[in-house]
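Data block below; observations after.
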Amino acid sequence: MNTESYIIDQLRKFLEHKKLTGFNIILQKPKDDAHGDYACNLAMQLAGSLKKSPKQIAEEIISFIDINPEYIAKVEVAGPGFLNFFRAEENLYKSLQDLLAAGDTYGYSQKMGGKKAQIEFVSANPTGPLTIGHGRGAVFGDTIARLMEAIGYKVIREYYFNNAGRQMRVLGDSVRLRYLELTGDKIQFPEDYYQGEYIIDIAREIYAEYGERLRHEQDITLFKDKAETAIFSDIKNTIRRLGFEFDVFYNERSLYETGKIDAVIDSLTKKGLLEKRDGAFWFLSSKIGFDQDRVFIKSSGEPTYRLPDTAYHIEKIKTGYDLIIDIFGADHIATYPDVLAAVKALGYDTEKIKVLINQFVTLTENGEKVKMSTRKANFITLDELMDEVGVDVTRYFFLMRNINAHLNFDLTLAKTQSDENPVFYIQYAHARICSILRLAEERNVDKSVERRLDMLKENEEINLIKHLISFPAAVESSALSFEPHRLINYLFDLATLFHRFYTVCRVISDDKMLSISRLALIDAVKIIIHNGLHLLGINAPEKM
RNA sequence: GCGCCUGUAGCUCAAUUGGAUAGAGCGUUGGAUUCCGGUUCCAAAGGUUGGGGGUUCGAUUCCCUCCAGGCGUACCA
């Protein structure tokens with residue numbers, strides 16, 4: 001047992017003794033060291049129902065609970081009625097020992113063990129290479145997946161796409177026109193067609209294979225299929241470069257082929273929530289609290305995205321996932337409430353669905369905004385970005401900000417391979433540790449000497465240890481709040497604490513016992529930086 | 001007009017989900033290194049948390065209102 005769970009245990013006994021229910025015991029880590037290692041506001045919470053002052057209640061709690069010196073060194077009442085707990089130092093070293101023993105598995109838990117999660121993200125239709133806009137969603141989604149795995153979920157990464165519809169027809173025809181251009185025909189290339197260079201590349205491949213045989217081909221199917229294959233293979237390569245793969249590529253078409261779409265239409269009609277009007281079928285969302293109805297099937301007979309999306313989400317729920325995460329860009333923000341409403345109206349529990357929206361990325365270079373437009377093809381692709389700054393920087397920059405805030409991607413800073421770049425700051429700490437460990441090997445530091453972790457008494461050492469052993473809590477809070485940037489901040493702070501320790505404390509010295517102990521400490525830092533960066537999909541280099 | 005997101009130091013952003021004196025990086029100014037990687041460390045200056053109300057022991061956080069920006073608001077996805 002660690003100090004934290006011991007305290008919670010004791011406080012729970014107090015609540016039981018007083019027969020109080022419905023109160024949350026929250027231990028927080030105070031910012032100020034003078035406020036101890038754990039602070040609890042329980043007394044303030046109880047003031048209302050016990051009709052006593054928080055300070056009085058706090059005193060009462062202290063005299064009731066069992067203060068075992070193995071875990072707690074001291075408790076104080078402070079401020080408006082906080083209980084401040086000071087951890088027994090012994091327990092600190094024991095926790096550090098646990099960390100070292102766990103190694104690569106430290107920080108991973110089975111809190112959600114046995115549960116299954118599905119995460120749908122990227123889901124870009126195969127009309128062009130992934131852009132920086134997709135990049136944020138891709139890196140975020142993969143990292144959420146890693147965090148879910150870290151707390152015990154079995155995770156499926158899923159990519160949903162649609163290779164039918166107007167977009168794809170335009171794509172096919174764009175390729176056809178570029179092909180005709182290669183055969184020497186004069187063509188007019190419409191402005192709203194796909195302007196990118198990659199379209200010409202695909203046309204070139206077709207020309208190489210078929211020569212001029214397709215010159216009078218009116219059917220665009222071949223062009224469309226070739227384009228889809230080429231683009232998807234590109235997308236998969238980009239994803240692989242980013243450091244992960246999808247488990248499932250889900251084609252929207254299968255929802256039609258298996259009758260899932262018709263089933264939704266039938267059920268909605270039976271519920272009186274679908275109505276034909278002006279030749280189109282409307283989902284009567286105004287009947288269930290929305291301000292307007294939405295078209296599910298256009299008068300042309302083609303469904304809007306809302307219908308298959310509804311069927312798709314019902315499929316997800318039926319599969320039996322314990323957690324279903326959708327990651328969308330901000331431009332899809334209006335699309336999910338009515339889809340979820342339709343799903344719910346059909347009697348499915350949408351509680352398990354968590355929708356995460358990522359705001360847009362603005363790219364700046366030398367302090368100026370870089371304008372991007374997909375159609376005009378002056379966008380920067382994700383591959384080009386990785387070519388410029390590398391995978392580690394790409395991932396770090398996409399993750400370092402809260403997902404619901406706009407991200408300012410500073411290309412100039414990202415390209416800087418120096419201390420200004422926060423990625424290198426963390427990686428440098430890791431490389432520096434590896435270097436010290438190598439030196440210890442070279443100098444044959446005597447390993448037979450007993451390790452005494454309790455010799456680590458400097459302020460810088462204590463602070464470092466405290467931060468190290470809070471890693472599992474940092475992972476868990478990052479995962480449960482779906483906020484990877486918390487883990488980034490944790491690691492940045494860890495690197496700072498390490499560098500501070502390094503300037504004050506010499507690791508390899510004449511004091512063999514202390515050297516061995518400090519080597520263990522920096523080994524612990526190495527483990528945590530490695531585990532933490534791994535959860536973010538970022539490398540922890542041994543040399544830089 | 002309506003819906004969602006955002007507004008915190010000169011700039012880019014945090015803030016333990018309602019906690020104690022709002023913190024980092026960059027930039028500015030001034031310092032530290034005989035030594036394990038100076039891509040390092042220390043210090044100073046810098047704030048009416050967009051404005052105004054409210055809720056309570058306590059608000060950057062919750063509610064209302066106004067202001068500013070982004071994204072939507074299609075029988076496009």
Side-chain angles (χ1 to χ4, degrees), chain A residues 26-32 34-35 39 41 44 47-48 53-55 78-82 84 123-125 127 162 165-167 277-282 290-292 294-306 308-309 329-337 357-360 362 364 367 400-408 410 413 416-422 424-425 427-429 431-440 442-443 470 473-474 477 480-481 483 485-486 488-490 492-493 495-496 498-509 515 518-519 522 543-544:
Chain A
I26 301 163
L27 285 191
Q28 25 193 357
K29 273 176 63 183
K31 295 171 209 161
D32 191 337
H35 298 146
N41 63 356
M44 280 127 81
S53 83
K55 285 192 178 186
F82 285 102
N84 291 340
S123 295
N125 288 339
T127 58
N162 169 17
R166 195 188 62 89
Q167 272 187 37
R277 201 190 301 156
D278 308 324
F281 285 88
W282 293 75
F290 285 80
D291 57 340
Q292 54 180 310
R294 298 290 184 177
V295 170
F296 265 41
I297 304 173
K298 299 185 248 178
S299 49
S300 67
E302 269 185 307
T304 66
Y305 64 89
R306 292 174 214 268
D309 267 16
D331 53 339
H332 286 244
I333 212 155
T335 76
Y336 75 91
I357 303 285
N358 65 75
Q359 293 295 321
F360 282 158
T362 346
T364 57
M400 69 181 175
R401 302 303 178 210
N402 194 321
I403 200 71
N404 50 33
H406 296 241
L407 173 66
N408 194 329
D410 186 340
L413 176 61
T416 322
Q417 304 231 346
S418 79
D419 56 335
E420 288 170 45
N421 193 326
F424 293 117
Y425 181 78
Q427 290 183 324
Y428 179 71
R432 189 178 233 182
I433 290 168
C434 292
S435 163
I436 301 170
L437 294 174
R438 278 194 300 269
L439 188 78
E442 282 166 29
R443 292 199 188 164
S470 70
S477 94
L480 295 178
S481 63
E483 293 183 338
H485 76 277
R486 289 182 183 220
I488 292 239
N489 290 339
Y490 169 90
F492 192 87
D493 290 344
T496 302
F498 166 73
H499 288 308
R500 220 171 261 168
F501 154 83
Y502 175 86
T503 41
V504 177
C505 303
R506 196 175 163 77
V507 178
I508 302 170
S509 65
S515 298
R518 284 185 171 162
L519 283 168
I522 66 167
K543 285 180 183 173
M544 290 175 73

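Residue numbers start from 1 in every chain, and the chains themselves are labelled A, B, ... in the order their sequence lines are given, proteins ahead of strands. For the numbers below, each heavy atom of this structure counts, side chains included, while hydrogens, waters and symmetry mates do not.
Comparing C41(B), C36(B), G37(B) against the side chain of Tyr428(A) picks out G37(B) as the nearest. Listed candidates were C36(B), A14(B), C41(B). Nearest to the side chain of Asn402(A) is A14(B). The side chain of Gln359(A) approaches G70(B) more closely than any other nucleotide in the set U17(B), U39(B), G70(B). Minimum atom distance to the side chain of Trp282(A) is reached by C75(B), of the listed U39(B), C36(B), C75(B). Out of C41(B), U17(B), A24(B), the shortest distance to the side chain of Arg500(A) is found at C41(B). Of the candidates A77(B), G37(B), C71(B), G37(B) carries the atom nearest the Lys543(A) side chain, counting heavy atoms from C-beta on. Taking only side-chain atoms of Arg294(A), from C-beta outward, the nucleotide of G37(B), C2(B), A74(B) with the closest atom is A74(B). Minimum atom distance to the side chain of Ile333(A) is reached by G3(B), of the listed G3(B), U73(B), A77(B).
Heavy atoms of Phe281(A) sit nowhere under 4.0 angstrom from any nucleic acid atom. At the heavy-atom level, Ser53(A) lies nowhere under 4.0 Å from the strands shown.
Distance, Tyr336(A) OH to U73(B) C1': 14 Å, rounded to whole Å. Per the geometry, CZ belonging to Phe290(A) stands 14 Å off C1' belonging to C2(B), to the nearest Å. Between Tyr305(A) atom OH and A74(B) atom C1' there is a gap of 9 Å when expressed in whole angstrom units. Rounded to a whole Å, the CG atom of Asn489(A) is 9 Å from the C1' atom of C13(B). Leu27(A) places its CG atom 15 Å from the C1' atom of U17(B), with the value rounded to the nearest Å. Atoms OH (Tyr425(A)) and P (G38(B)) sit 13 Å apart, rounded to a whole Å. Atom-to-atom, CG of Asn358(A) to C1' of C4(B) comes out at 14 Å; the value is rounded to the nearest Å. The distance between atom CD1 of Ile357(A) and atom P of G72(B), rounded to the nearest whole Å, is 12 Å.
With hydrogens and angles ignored, the 3.5 Å screen pairs a side-chain donor or acceptor of Arg518(A) with a backbone N or O of Arg506(A). Asp32(A) places a side-chain N or O within donor-acceptor distance of the main-chain N or O of Ala34(A), the cut-off being under 3.5 Å. In this structure a side-chain-to-backbone donor-acceptor pair under 3.5 Å is present from Asn125(A) to Asn162(A).
Mapping Asp493(A) and Ile403(A) onto RNA chain B by nearest heavy atom places Ile403(A) closer to the 5' end of the strand. Heavy-atom distances to RNA chain B give each of Ile433(A) and His485(A) a nearest nucleotide, and the one nearer the 5′ end belongs to His485(A).
U56(B) and C62(B) have their C1' atoms separated by 11 Å, with the value rounded to a whole Å. Between U61(B) and U16(B), the two P atoms lie 12 Å apart (nearest whole Å). A gap of 22 Å separates the P atoms of U49(B) and A44(B), to the nearest Å. The same atom, C1', is picked in A20(B) and in C36(B); the two are 40 Å apart, to the nearest Å. For A74(B) and U65(B), the P atoms lie 24 Å apart once the distance is rounded to whole Å. For G23(B) and C2(B), the C1' atoms lie 37 Å apart once the distance is rounded to whole Å. Rounded to whole Å, the P atom of G19(B) lies 11 Å from the corresponding atom of U60(B). When the P atom is used for both G18(B) and A59(B), the distance is 14 Å, rounded to whole Å.
Taking side-chain N and O atoms only, Arg432(A) has a distance below 4.0 Å to OP1 or OP2 of G38(B). Dashed line: the shortest gap from a side-chain N or O of Thr503(A) to OP1 or OP2 of C41(B) is not under 4.0 Å. For Arg443(A) and C36(B), the shortest distance from a side-chain N or O to OP1 or OP2 is not below 4.0 Å. Phosphate proximity of A24(B) to Tyr490(A): absent, as no side-chain N or O sits under 4.0 Å from OP1 or OP2. Between Lys55(A) and C57(B), a side-chain N or O to OP1/OP2 separation shorter than 4.0 Å is absent.
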Every protein N/O lying under 3.5 Å from an N/O of nucleotides 6-12 of chain B:
unit_1: U12(B); atom_1: O2'; unit_2: Arg401(A); atom_2: NH2; d: 3.0

Expected rows: protein N/O vs nucleotides 19-23 of chain B N/O, under 3.5 Å:
unit_1: G19(B); atom_1: N7; unit_2: Asn41(A); atom_2: ND2; d: 3.0
unit_1: A20(B); atom_1: OP2; unit_2: Lys31(A); atom_2: NZ; d: 2.9
unit_1: A20(B); atom_1: N6; unit_2: Asn84(A); atom_2: OD1; d: 2.7
unit_1: A20(B); atom_1: N1; unit_2: Asn84(A); atom_2: OD1; d: 3.4
unit_1: A20(B); atom_1: N1; unit_2: Asn84(A); atom_2: ND2; d: 3.1

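Contact between Thr416(A) and Asn421(A) at its shortest, heavy atoms only, is O-ND2, 3.0 Å. Met400(A) and His485(A) make their closest contact through O-CB, 3.5 Å (heavy atoms, listed as atom of the first residue, atom of the second, distance). Nearest heavy atom pair, residue Pro80(A) against residue Pro54(A), reads O-CB, 3.4 Å. For the residue pair Ala330(A) and Gln359(A), the shortest heavy atom distance occurs at CB-OE1, 3.7 Å.
One N or O donor and one acceptor, one from the side chain of Ser299(A) and one from the base of C75(B), sit under 3.5 Å apart.
Listed by chain and number, the residues in a side-chain hydrogen bond (donor to acceptor under 3.5 Å, both in side chains) with Arg306(A) are Asp338(A) (sequence neighbours excluded). With sequence neighbours excluded, no residue satisfies ring-ring contact (aromatic ring centres under 6.0 Å, His included) with Phe498(A). With sequence neighbours excluded, the residues that form a ring-ring contact (aromatic ring centres under 6.0 Å, His included) with His499(A) are Tyr425(A), Tyr428(A).
No hydrogens or angles considered: nothing links the side chains of Asp278(A) and Ser299(A) as a donor-acceptor pair under 3.5 Å.
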side-chain contact (heavy atoms from CB on, under 4.5 Å) assessment of Phe296(A) paired with Asp309(A): CA-CA 10 Å; Phe296(A) 265 41; Asp309(A) 267 16; over 6 Å; no
side-chain contact (heavy atoms from CB on, under 4.5 Å) evaluation trace for Phe360(A) with Asp331(A): CA-CA 9 Å; Phe360(A) 282 158; Asp331(A) 53 339; 3.8 Å; yes
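With rounding to the nearest 0.5 Å, the separation of OG1 in Thr362(A) from CG in Asp410(A) is 11.0 Å. Interatomic distance, CZ of Arg401(A) versus CG of Asn408(A), reported as 8.5 Å (0.5 Å rounding).
Stem list for RNA chain B (at least 3 consecutive Watson-Crick or G-U pairs, distances under 3.5 Å): B:1-7 with B:67-73, B:10-13 with B:23-26, B:28-32 with B:40-44, B:50-54 with B:62-66.
Applying the 90° criterion around 0 to the glycosidic angle, U17(B) comes out syn.
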